[in-house]
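FYI, the numbering just counts along the sequence from 1.
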Amino acid sequence: MFSLFSFIRNGQVTEAIMFILSGCFVVFVCSPIHELAHGWVAYKLGDNTAKNQGRLTFNPIAHIDVIGMIMILLFGFGFAKPVPVSMRNLKKPKRDMALVAIAGPGANIILAFISIFLMYALNAAIGATSVGRILTLFFLYSGYINVSLAAFNLIPLPPLDGSKVLAAFLPNKAYFKYMQFERYAMIALLALIATGALDKILEKIAGVLMYVISFIPALIFA
């Protein structure tokens with residue numbers, strides 16, 4: 001799994017620099033789109049909470065979480081400030097919350113596809129030049145960080161998006177019991193991150209997603 005520490009440990013200076021630059025791009029451009037996607041879908045489903053709090057914006061300042069930003073820059077996955085959603089304003093709360101939740105990772109997968117498409121296109125146009133190599137690394141890491149964010153957020157542990165998707169398929173009784181364990185799930189999630197146990201899971205999921213989104217660009221620019 002790509003991380004700033006692995007590049008530094010292996011003496012890959014160029015790769016480390018491009019990973020940081022790609023991480024900055026994700027933090028200041030892609031993460032706001034992820035959160036905006038949540039808020040926009042919620043707004044379309046009848047909840048004005050995000051709109052009223054000024055979260056339907058591309059402005060990264062409105063969405064940045066400092067700890068989540070540092071995680072993205074160091075490890076390639078993390079989080080932004082969650083967009084507020086009021087279930088009371090949704091017509092079908094469980095279903096609509098799942099749609100709101102899936103919108104963020106979905107945006108990341110689309111952004112990852114765009115990054116990988118541009119990587120292949122630029123590689124075909126410029127070739128193995130110094131500029132071509134730098135741009136290839138930039139868009140490769142941008143794509144990888146985006147799929148890692150999608151994979152991370154789809155983990156079915158509260159408060160991540162995957163928990164809300166899973167909740168849509170649970171009976172009401174099981175759903176309320178599930179949500180009662182949110183604080184404990186957060187502790188478990190932090191433990192998984194701290195011990196590195198999450199790395200292999202994310203690496204496998206991100207690898208599959210990268211293979212899928214690379215399929216069409218690879219065919220086009222073969």
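Of all heavy-atom pairs between Ala150 and Ile109, the closest is CB-CG1, 3.8 Å. Here the shortest heavy-atom pairing between Val165 and Ala101 reads CG2-CB, 4.1 Å. Shown here for Ile213 and Ala112, the closest heavy-atom pair between the two residues is CD1-CB, 3.6 Å. The shortest heavy-atom contact between His38 and Gly104 is CE1-N, 3.4 Å. Here the shortest heavy-atom pairing between Ala42 and Leu90 reads O-CD2, 4.3 Å. Residue Ile116 comes nearest to Gly143 through the heavy atom pair CD1-CA, 4.2 Å, listed as atom of the first residue, atom of the second, then distance.
A side-chain contact (heavy atoms from CB on, under 4.5 Å) with Phe79 holds for exactly one of Ile72, Leu149, Ile67, Leu160; it is Ile67. The side-chain contact (heavy atoms from CB on, under 4.5 Å) with Phe77 is formed by just one residue from the set Phe2, Phe152, Tyr144; it is Phe152.
The aromatic rings of Phe7 and Tyr141 lie tilted to each other, with the angle between the two planes from 30° to 60°. Ring geometry, Phe215 versus Tyr211: the interplanar angle falls from 30° to 60°, so the pair is classed tilted.
By the 4.5 Å heavy-atom criterion applied to side chains, Ile220 and Tyr120 are not counted as neighbours. For the pair Val29/Pro60, no side-chain contact is recorded, criterion being any heavy-atom separation below 4.5 Å from C-beta on. Taking the side chain as every heavy atom from C-beta outward, Cys30 and Leu111 approach each other to under 4.5 Å. At a threshold of 4.5 Å between non-hydrogen side-chain atoms, the residues Pro32 and Asn59 do not count as touching.
Under a cut-off of 6.0 angstrom, the local environment of CD1 in Ile8 is crowded, with over 12 non-hydrogen atoms contributed by other residues, nucleotides or ligands.
One distance of note links NZ of Lys94 with NZ of Lys164; it measures 14.5 Å at 0.5 Å rounding. In this structure, CD1 on Ile20 lies 4.5 Å from CG on Leu4, to the nearest 0.5 angstrom. Distance check, rounded to the nearest 0.5 Å: CG of Asp161 to CE of Met97 gives 9.0 Å. Rounded to the nearest 0.5 angstrom, Glu35 CD and Lys81 NZ are separated by 10.0 Å. Distance CE/Met119 to CD1/Ile114: 14.5 Å, rounded to 0.5 Å. Atom NZ of Lys200 is separated from atom NZ of Lys204 by 7.5 Å, given to the nearest 0.5 angstrom.
One hydrophobic cluster holds both Leu157 and Ile201 under the rule that ILVMFWY side chains link at heavy-atom gaps under 4.5 Å. Residues Leu154 and Met210 are members of separate hydrophobic clusters, defined by side-chain heavy-atom contacts under 4.5 angstrom among Ile, Leu, Val, Met, Phe, Trp and Tyr. Note on Leu99 and Leu166: same hydrophobic cluster, where clusters join Ile, Leu, Val, Met, Phe, Trp and Tyr whose side-chain heavy atoms are under 4.5 Å apart, directly or indirectly. In the hydrophobic cluster analysis, where Ile, Leu, Val, Met, Phe, Trp and Tyr join through side-chain heavy atoms closer than 4.5 angstrom, Ile61 is grouped apart from Phe25. Under the 4.5 Å side-chain heavy-atom criterion for ILVMFWY residues, no single connected hydrophobic cluster contains both Ile102 and Ile155.
A donor-acceptor contact closer than 3.5 angstrom links the side chains of Ser115 and Ser142. No donor-acceptor contact under 3.5 angstrom links the side chains of His34 and Asn146, judged on distance only.
Of the possible polar contacts, one joining the Asp65 side chain to the Gly68 backbone as a donor-acceptor pair under 3.5 Å is found. Proximity of a side-chain donor or acceptor of Thr136 to a complementary backbone N or O of Asn123 within less than 3.5 Å is not detected.
With sequence neighbours left out, the side chain to side chain contact (heavy atoms under 4.5 Å, CB included) criterion links Thr49 to Asp47, Gln53, Pro84, Ser86, Asn89. In this view, Arg133 and Glu15 satisfy the salt bridge (Lys or Arg N to Asp or Glu O under 4.0 Å) rule, not counting sequence neighbours.
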Checking Met87 against Asp96 for the side chain to side chain contact (heavy atoms under 4.5 Å, CB included) test, could you report, in this order, the C-alpha distance in whole Å, the side-chain angles of both residues, the deciding distance, and whether it holds?
CA-CA 8 Å; Met87 292 182 68; Asp96 292 350; over 6 Å; no
In sequence, state the C-alpha distance, the side-chain angles, and the governing distance for Leu73 and Cys24, and then conclude on side chain to side chain contact (heavy atoms under 4.5 Å, CB included).
CA-CA 7 Å; Leu73 296 177; Cys24 289; 4.0 Å; yes
Go through the steps to decide whether Val147 and Asn108 satisfy the test side chain to side chain contact (heavy atoms under 4.5 Å, CB included), and finish with yes or no.
CA-CA 6 Å; Val147 296; Asn108 283 124; over 6 Å; no
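Aromatic ring centres of Phe5 and Phe75: separated by under 6.0 Å. Ring-centre distance between Phe117 and Phe139: not below the 6.0 Å cut-off.
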